[in-house]
Amino acid sequence: MTDDDFKNKKFETIAIHSGQVPEDGAQSVTTPIFPTTTFREDFPGDPSGYVYARWSNPTRVALEKAVAALEGGTHAYAFSSGLAAVQGVLNLLKSGDHVVAVNDLYGGCHRMFEQLMKPHFNIEFTYVDARDTEAFEKAVKKNTKLFWIETPSNPLLHLADIKAAVEIAKKQNILVAVDSTFATPYLQQPLALGADIVHHSMSKYLGGHCDVIGGVLAMKDEKLAEQVRFNQYAVGGILGPFESWLVLRGLKTLHVRMDRHCQNASAVVDYLKTVDAVEKIHFPGVDGKPLPNDMKLPGGMVSFEIKADFETVKRFVMSTKVFVLAESLGGVESLVNHPASMTHASIPKDVREAHGISDCLIRLSVGIESIDDILEDLKAAFAAIA
Ligand SMILES: *Cc1c(COP(=O)(O)O)cnc(C)c1O
């Protein structure tokens with residue numbers, strides 16, 4: 001068996017088999033973990049195999065091949081975290097370059113952009129509403145080199161039109177990177193829509209069990225891939241073999257988990273629509289508009305605002321039991337998060353509020369537990385603040 005045997009297979013088959021032809025000589029069915037820093041050479045400078053594990057490691061390569069295949073790309077590089085992978089994209093820029101990014105961005109990306117890249121490396125950022133294609137066009141300057149598009153965005157779950165953004169970008173050789181963490185390759189495939197790079201925090205749905213931190217970039221342009229790979233090798237933020245193995249294991253059930261995440265999240269939205277205390281629901285398609293980007297389903301994340309003061313909101317997120325109060329998302333377990341004091345606390349309050357992230361906003365990562373228990377848990381939390 002080689003990877004070519006799986007090239008034209010369906011998503012579910014690729015997720016389980018692609019890249020995962022073991023290199024251990026023992027005919028093991030799953031990919032082994034290779035905990036080695038270095039590899040034996042047959043002669044000095046032997047270029048035929050692996051050399052040093054910062055450059056590549058068989059377990060990591062298996063994962064990279066699998067992600068590339070799932071994204072319809074040719075290359076993928078696995079990083080030590082989602083943010084390390086984001087930096088892998090920003091390392092393609094030079095001092096004085098300008099980036100257009102969506103405004104309700106993952107909090108850690110905002111922190112890196114504003115508190116590190118801008119003051120230390122003189123990279124300029126403009127933030128626009130993900131849904132507003134015209135705003136992307138208006139924000140473009142002579143020195144714009146990158147669109148950083150998170151879709152669905154975090155925590156408001158706004159959707160950007162990737163194809164439209166690509167059209168604007170191509171007029172001026174602007175690189176389009178899509179942070180597709182919330183969608184996963186199962187729900188949307190940005191490379192097929194013309195994006196240059198897809199980013200995932202694999203700490204979320206790809207790993208899928210809240211037990212591994214990792215990031216990945218997938219692409220299909222040979223030259224771009226070469227540059228990204230060189231930068232990763234030069235900087236060193238690679239994913240270790242054990243972590244690579246954990247994500248590989250997660251990938252095999254991605255489609256099954258995503259179907260259930262999406263099914264449960266939609267049921268949660270239907271329930272929230274009936275609750276008086278709920279002021280606004282943020283969920284892809286909740287406005288009745290069709291999903292852009294050929295998105296297969298709206299995803300497993302639900303955000304909503306409740307009519308209550310800060311103390312009551314706090315009480316709500318502290319009264320759930322099935323939903324664990326914790327940052328992060330995308331694991332099999334349901335999590336509840338209060339963005340203003342948790343994931344997005346590093347963004348100044350005025351900026352946060354200007355971007356629509358109010359103190360009354362609650363974000364749910366809907367897990368794959370029984371939907372009956374999930375809904376009962378939410379009902380009990382609403383009763384606790386009534
Ligand atoms: C979590 C996350 C990141 C950062 O990933 P880490 O693995 O935590 O470093 C980036 N973007 C999005 C959308 C995320 O959810």
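FYI, side chains are in, hydrogens and waters are out, and symmetry mates aren't considered; it's all heavy atoms of this structure. Atoms within each ligand, like the ligands themselves, are counted from 1 in listed order. Just so it is clear, the structure is predicted and the values come from calculations on it, not from any experiment.
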- Residues passing the ring-ring contact (aromatic ring centres under 6.0 Å, His included) test with Phe136, sequence neighbours excluded, are Phe147
Sub-3.5 Å pairs, protein N or O with ligand 1 N or O:
{"from": "ligand 1", "atom 1": "5 (O)", "to": "Ser201", "atom 2": "OG", "distance (Å)": "3.0"}
{"from": "ligand 1", "atom 1": "7 (O)", "to": "Gly82", "atom 2": "N", "distance (Å)": "2.8"}
{"from": "ligand 1", "atom 1": "7 (O)", "to": "Ser201", "atom 2": "OG", "distance (Å)": "2.8"}
{"from": "ligand 1", "atom 1": "7 (O)", "to": "Ser203", "atom 2": "OG", "distance (Å)": "2.6"}
{"from": "ligand 1", "atom 1": "9 (O)", "to": "Gly82", "atom 2": "N", "distance (Å)": "3.0"}
{"from": "ligand 1", "atom 1": "9 (O)", "to": "Leu83", "atom 2": "N", "distance (Å)": "2.9"}
{"from": "ligand 1", "atom 1": "11 (N)", "to": "Asp179", "atom 2": "OD2", "distance (Å)": "2.7"}
{"from": "ligand 1", "atom 1": "15 (O)", "to": "Lys204", "atom 2": "NZ", "distance (Å)": "2.7"}

- Task: Classify the side-chain pair His199/Asp179 by whether it contains a donor and acceptor separated by less than 3.5 Å.
- Result: yes
- Query: Atom CD1 of Ile368 and atom OG of Ser334: how far apart are they, to the nearest 0.5 Å?
  - Reply: 9.0 Å
Using distance only, find each side-chain donor-acceptor pair of residues 230-244 under 3.5 Å and give its atom names and separation, not counting sequence neighbours.
{"from": "Asn231", "atom 1": "OD1", "to": "Gln227", "atom 2": "NE2", "distance (Å)": "3.1"}
{"from": "Asn231", "atom 1": "ND2", "to": "Asn91", "atom 2": "O", "distance (Å)": "3.3"}
{"from": "Gln232", "atom 1": "NE2", "to": "Ala78", "atom 2": "O", "distance (Å)": "2.7"}
{"from": "Ser244", "atom 1": "OG", "to": "Gly240", "atom 2": "O", "distance (Å)": "2.8"}

- Under the salt bridge (charged side-chain N to carboxylate O under 4.0 Å, His left out) test, which residues partner Asp196, sequence neighbours left out? Lys170
- Query: If we only count heavy atoms from C-beta on, is the Arg352 to Lys349 side-chain gap below 4.5 Å?
  - Reply: yes
